Structure formats: C-alpha cells, structure tokens
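Here's the structure we're looking at; comments come further down.
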Amino acid sequence: MTQADFPPGPGPGNGTPSDWPAEVDIAIVGAGFSGMYMLYRARAMQMRAIVLEAGDGVGGTWYWNRYPGARVDIESLEYSYEFSEQLQQDWQWSERFAPQPELLRYANHVADRFELRRDIRFQCQVSSAHWQEAGHRWLVTTADGRRLSAQYLVMATGCLSSTNRPVIEGLDSFAGECHHTGRWPHEPVSFAGKRVGVIGTGSSAIQAIPVIARDAASLTVFQRTANYTVPAHNRPLDKAYEARIKAEYPAFRARNQQMHNAFGSGQPRHDQSALAVTPEAREAAYEARWQIGGLGFLGAFNDLMIDERANATAAEFVRNKIRRIVKDPVTAELLCPTQPIGCKRICVDSGYWATFNEPHVHLVDIAGQGIERVTPNGVVVGGQLHPLDMLVLATGFDAMTGTLLRMDIRGVDGLPLQQKWSAGPLTYLGLGVAGFPNLFTISGPGSPSVLTNMLVSLQQHVDWVADCVAHLRAQGKTRIEADPHAERDWVRHVNAVADKTLYPGCNSWYLGANVPGKTRVFMPLIGYPAYRDTCAEVAQGGYTGFRLGA
Ligand code: NA7
C-alpha cells in the first residue's frame with residue numbers, strides 16, 4: 001500500500017478544541033503507533049473517525065517513556081511502519097536501535113505527513129464506554145465529561161501504558177523528586193550532584209542506570225530480581241546496510257513476517273538443540289550472538305525456551321559474562337539471575353553491568369524482603385536508611401490489561417469488562433471479546449503482541465480490523481461479536497501453547513505476576529506467523545468464531 005492508495009477521508013471535523021463530534025463511525029482510543037495507523041486506515045475507508053488521546057502528543061509509549069537511555073530493543077529499520085513504501089524510503093534512522101527522542105520525532109512526522117492531527121483529540125482521557133444494543137453503538141465518555149457515540153470502538157491503548165506504582169509505606173512522604181520511568185517529566189531532569197535511588201532492574205532501569213550514573217553524585221539500585229541483559233552494541237546506522245534494506249524493503253519485511261517473533265530475519269534462530277552440540281560449540285554460538293548484540297541472542301538454539309537444560313546453558317553463559325565484567329565478586333553474584341533466561345523479557349543494554357564497577361554506584365539486594373519503607377530522606381531496607389535526593393521508580397506496568405480495566409467498559413446487558421476478566425483476560429484472537437460487540441483490541445491479550453516486533457503485529461491487527469469493518473459494511477451488517485465458545489477455545493489454545501514452554505515459570509509481567517493481586521494468567525500468544533495465518537483464515541471464512549448481525 002502507498003500513500004496514494006489512501007486518499008484523505010472525511011474525518012469528523014477540523015480538529016479545533018470546540019470541534020467535538022456527537023457521532024462517529026469509529027472511535028479509536030490512543031494515538032500511539034496503533035491508533036495513528038487505525039485512523040489512517042479508517043479515513044481511507046471514508047469513515048468518520050476520531051482518536052481520543054490522554055496525552056498532549058502522539059507517540060504512545062515513546063511519548064510517555066522519556067527516561068534517560070530509553071531506546072527500542074528492535075532494530076530501527078524493522079521497528080517502523082511498512083504500510084507506506086514512500087515513508088519507509090524517506091525516513092532516515094540515525095542509530096541501529098533508535099533512541100526515544102528519535103522515535104517520538106518519527107511518530108510526529110507520521111502524524112504530520114498523513115495529516116492525522118485534525119482527527120486526534122489530545123488531553124482527552126476516556127473514562128467509560130458503554131454498549132448500547134439499540135443502534136449497535138458505543139457511548140464513550142471522557143474524564144472531562146464529553147460524550148460521543150461510535151459504531152466501532154478500537155482500543156489502541158498499548159500493552160505497557162498503565163504504570164505499576166509500587167505499594168511501599170511512606171512513598172508519598174519522600175521529600176525529593178520522584179519519577180516513574182513510564183511517566184517521565186517532559187522537562188529536563190538533572191541528576192548532577194544528587195544521590196539517586198532506582199527501584200527496579202527491568203528493561204527501563206537497565207537502560208537508565210548507566211546514563212544516570214554518569215551525572216549522579218551517587219546511585220543506589222534496589223534490586224528485587226536480578227535480570228538478564230545482552231549488549232546492544234548500538235552504533236550509528238550503517239549506511240550501506242540501510243541502502244541494502246531500502247533497495248528491497250518489501251522483501252525484507254516479508255522475511256521478517258515469517259519469523260517466530262516477527263523480527264530478526266538477518267539473524268534467524270539456529271535450528272538445532274543447545275544440547276546437540278559440544279560445550280565448546282555451544283559457547284562459540286553464544287559468544288557469536290553476544291558479539292552481534294540484541295534480542296537475537298535467544299535464537300542461538302531452537303530449544304532455549306522449551307527445554308530447561310538447554311536454557312540453563314544460555315543462562316550460565318550470561319552469568320559468566322557478569323562474573324567477568326563486574327569486579328566485586330559479591331556484587332557480581334547478586335547481579336546473577338537465577339530464573340530461566342527469557343522467561344522475563346530479556347533486556348538489551350549499553351554498559352549496564354560495568355556501571356556497577358563505578359565507586360559511586362551501589363547495589364542493594366531486596367530479594368525476599370522488599371523495601372521496608374520510604375522516608376522523606378530516603379529508602380529503608382532491613383532497618384538501614386539509604387539517604388537519597390531523588391527516587392526513580394522503574395517498576396514497570398500493569399501490562400496488557402491494566403489500561404483497559406482502568407476504564408469503565410460495559411458490554412451487553414451492562415456487563416463490566418472488569419467482571420468479565422476478573423479471572424484473567426478472555427478474548428478471541430486477542431481482537432474481540434464475547435459480550436462486547438463492535439469492540440476491537442489492538443495487540444490485545446491473547447495475541448502475540450509483546451512477544452513480537454510490535455510495529456509488525458500492530459499493523460497486522462489494524463489491517464485485520466479495517467478489513468473486518470469493510471466486510472461488515474459491504475454485507476450491510478452493523479454488529480460483530482466474538483462467539484463465547486470460540487473465545488473459550490482460544491484462551492485454552494493460548495495457555496496450551498504457553499504451557500509447552502518455559503515462559504510461565506517465573507514472575508513476569510507476561511503473567512501479571514508483577515502487580516500485587518493481579519490474576520496470574522499467561523497473556524500473550526507465542527508464535528507470530530501461525531497466528532497471522534489463523535487471523536487470515538478467520539477472515540477468509542467470513543469471520544468464523546464471530547457472530548455477525550444487523
Ligand atoms: P519491568 O520489566 O516490569 O521491571 C520492573 C522492575 O521493577 C522489576 O525489576 C521488578 O522486580 C521491580 N519492581 C516492581 N515492583 C517492585 C516493588 N514493589 N519493589 C521493588 N521492586 C519492584 O518494567 P520495565 O519498565 O523495566 O520494562 C517493561 C518492558 O518495557 C520491558 O520488558 C520491555 O519490553 C520494555 P521483579 O522482577 O518483579 O521482582
């Protein structure tokens with residue numbers, strides 16, 4: 001598809017604040033990469049569409065996550081839209097892994113280039129959406145009391161958009177600056193001369209810690225679970241490589257579509273068991289991938305996520321790296337993770353382990369005990385106060401379901417989504433929910449989403465939704481709802497696939513285990529290409545597993 005394929009659609013209005021449509025064909029919640037592309041597709045279908053965005057800019061994840069060191073862990077040439085050949089030819093990435101400011105510039109460029117802003121309402125937080133059987137429409141209400149009626153409601157709300165603020169006694173009493181990585185201030189934050197504490201050692205912390213350490217007077221890292229990270233070996237984007245990819249971009253995209261996680265065709269998974277080779281060959285395979293850097297490390301062998309013994313070899317390889325890099329043996333051992341590698345999403349870093357060799361960087365192990373409390377002056381662990389001027393909460397997100405469940409979404413007969421999902425999310429294909437007609441979830445639980453290159457899987461979702469709506473219109477239908485049996489079978493399928501792997505074996509956010517009280521269910525589906533084919537078959541079969549009505 002090219003830009004020329006999609007002439008500007010009618011849109012609901014001219015984008016002035018007073019321009020609030022009472023009725024649209026499609027309401028899209030979120031102006032991240034999913035919401036922007038959904039708007040683009042809806043317009044091309046001549047639908048009256050509107051995007052409701054809580055922030056005051058586009059970019060979603062990259063709008064909110066402005067913490068120091070934030071960058072994508074998928075290569076830039078892959079983590080980008082493929083719907084417009086002209087766009088992907090024109091845009092120039094500067095680095096192998098794009099930093100957050102560049103990703104945000106890219107999002108803004110797309111919004112400008114396709115004139116999306118006129119149909120986006122910023123600072124517009126959706127508080128509720130209630131299904132109205134009469135008329136087959138959603139009544140959407142915003143936090144500031146505006147209402148609109150939409151035939152279709154697309155939740156493009158992102159998988160990691162509701163922050164997980166830790167419940168720690170006294171946290172609000174802290175006298176210094178306190179920032180969550182997922183809600184980082186838009187103004188510059190200075191660490192110079194400050195005693196900074198970071199709570200958490202997930203991907204956000206692992207990216208931020210080396211950068212904060214450069215300026216801070218001291219840095220204290222509070223670690224509950226040690227984590228695996230592989231080097232990014234980030235660098236300026238190789239111009240010759242960029243030219244090669246751009247010379248055959250569609251073919252490159254097509255190859256990535258065939259990959260298990262929808263990325264990395266340049267470094268495919270090696271189709272051999274880690275246990276089928278000699279220890280020397282295994283070590284060499286890990287070392288080769290370590291030197292390349294990035295998430296491709298886990299593709300060194302084909303059984304790292306399904307066989308504990310195979311996984312243990314990769315885990316030990318990384319632990320040995322830590323032991324070699326971190327000079328103090330006690331700190332090194334504390335930094336060595338014990339869970340299977342990849343069970344929590346592995347991180348991609350730039351100098352994380354070596355940062356702990358700096359004399360002003362301290363690691364505080366809080367495993368098993370947690371943080372006792374926060375006082376105005378610092379953080380108390382095991383009775384000892386660690387004095388701090390600034391606190392960084394790198395404590396992650398209420399992933400995949402958090403944002404949807406914080407809204408008051410009610411389906412047929414007023415059933416709240418919170419009630420429907422009280423024992424974990426139930427969806428069909430991660431796209432539809434029985435009892436919630438005409439509602440689509442982009443990258444919803446039950447779809448590969450966070451286990452893929454999100455830019456690939458969200459475009460696949462948006463395309464599927466757009467085609468589905470086009471089909472309904474062509475058939476004169478006004479209502480589509482997932483069949484409860486299809487939904488039940490799908491959830492069983494998602495779990496059955498996960499149970500054959502090592503993924504459910506640790507306290508990851510994939511399982512909701514990071515949020516106190518959240519039901520523990522493995523939420524994403526493992527395996528992108530098979531999923532994409534299933535979605536295509538469902539569509540070709542006239543939307544099997546969905547009930548269509550007029
Ligand atoms: P993550 O990966 O969920 O990491 C959050 C970190 O915060 C992790 O180390 C947690 O420890 C820790 N945490 C969470 N709550 C607490 C409390 N109450 N006390 C102490 N420590 C806590 O979030 P990120 O933002 O780093 O990354 C999310 C994704 O974004 C990442 O996977 C990439 O896909 C991009 P735990 O491991 O739960 O013991």
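Not measured: the values here are computed from a predicted model. Whatever order the structure lists them in is the order used to number ligands and atoms, beginning at 1.
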(request) Applying salt bridge (Lys or Arg N to Asp or Glu O under 4.0 Å), run through Arg66 and Glu187 and close with a yes or a no. (result) CA-CA 10 Å; Arg66 297 166 186 245; Glu187 306 72 39; over 6 Å; no

(request) Could you walk me through whether Arg319 and Glu333 pass the salt bridge (Lys or Arg N to Asp or Glu O under 4.0 Å) test, one step at a time? (result) CA-CA 8 Å; Arg319 285 192 289 265; Glu333 267 331 293; over 6 Å; no

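Put simply, the side chain of Thr220 never gets that close to the backbone of His362: no donor and acceptor are under 3.5 Å apart. Without hydrogens or angle criteria, His180 side chain to Gly396 main chain gives a donor-acceptor distance under 3.5 Å.
For ligand 1, the atoms sitting less than 4.0 Å from at least one non-hydrogen atom of Leu160 are 29 (C), 30 (O), numbered in the order shown with element in parentheses. Counting the atoms of ligand 1 from 1 in the order shown, those under 4.0 Å from a heavy atom of Thr201 are 6 (C), 8 (C), 9 (O). Less than 4.0 angstrom separates some heavy atom of Gly200 from each of these atoms of ligand 1: 6 (C), 7 (O), 9 (O), 12 (C). Counting atoms of ligand 1 from 1 in the listed order, those under 4.0 Å from a heavy atom of Ile199 are 20 (C), 21 (N).
For Arg289, the salt bridge (Lys or Arg N to Asp or Glu O under 4.0 Å) criterion is met by no residue, not counting sequence neighbours.
Contact analysis puts Ile366 in contact with ligand 1, with a non-hydrogen atom separation below 4.0 angstrom. Not a single heavy atom of Gly370 sits less than 4.0 Å from an atom of ligand 1. Residue contacts with ligand 1: Gln223 is excluded, as none of its non-hydrogen atoms falls under 4.0 Å.
The closest side-chain donor-acceptor pair between Ser449 and Ser457, if any, does not fall under 3.5 angstrom.
When Tyr67, Trp509, Phe397 are checked for heavy-atom proximity to atom 32 (O) of ligand 1, Trp509 turns out nearest.
Among all non-hydrogen protein atoms, the one lying nearest atom 14 (C) of ligand 1 is Arg224 NH2, 3.5 Å.
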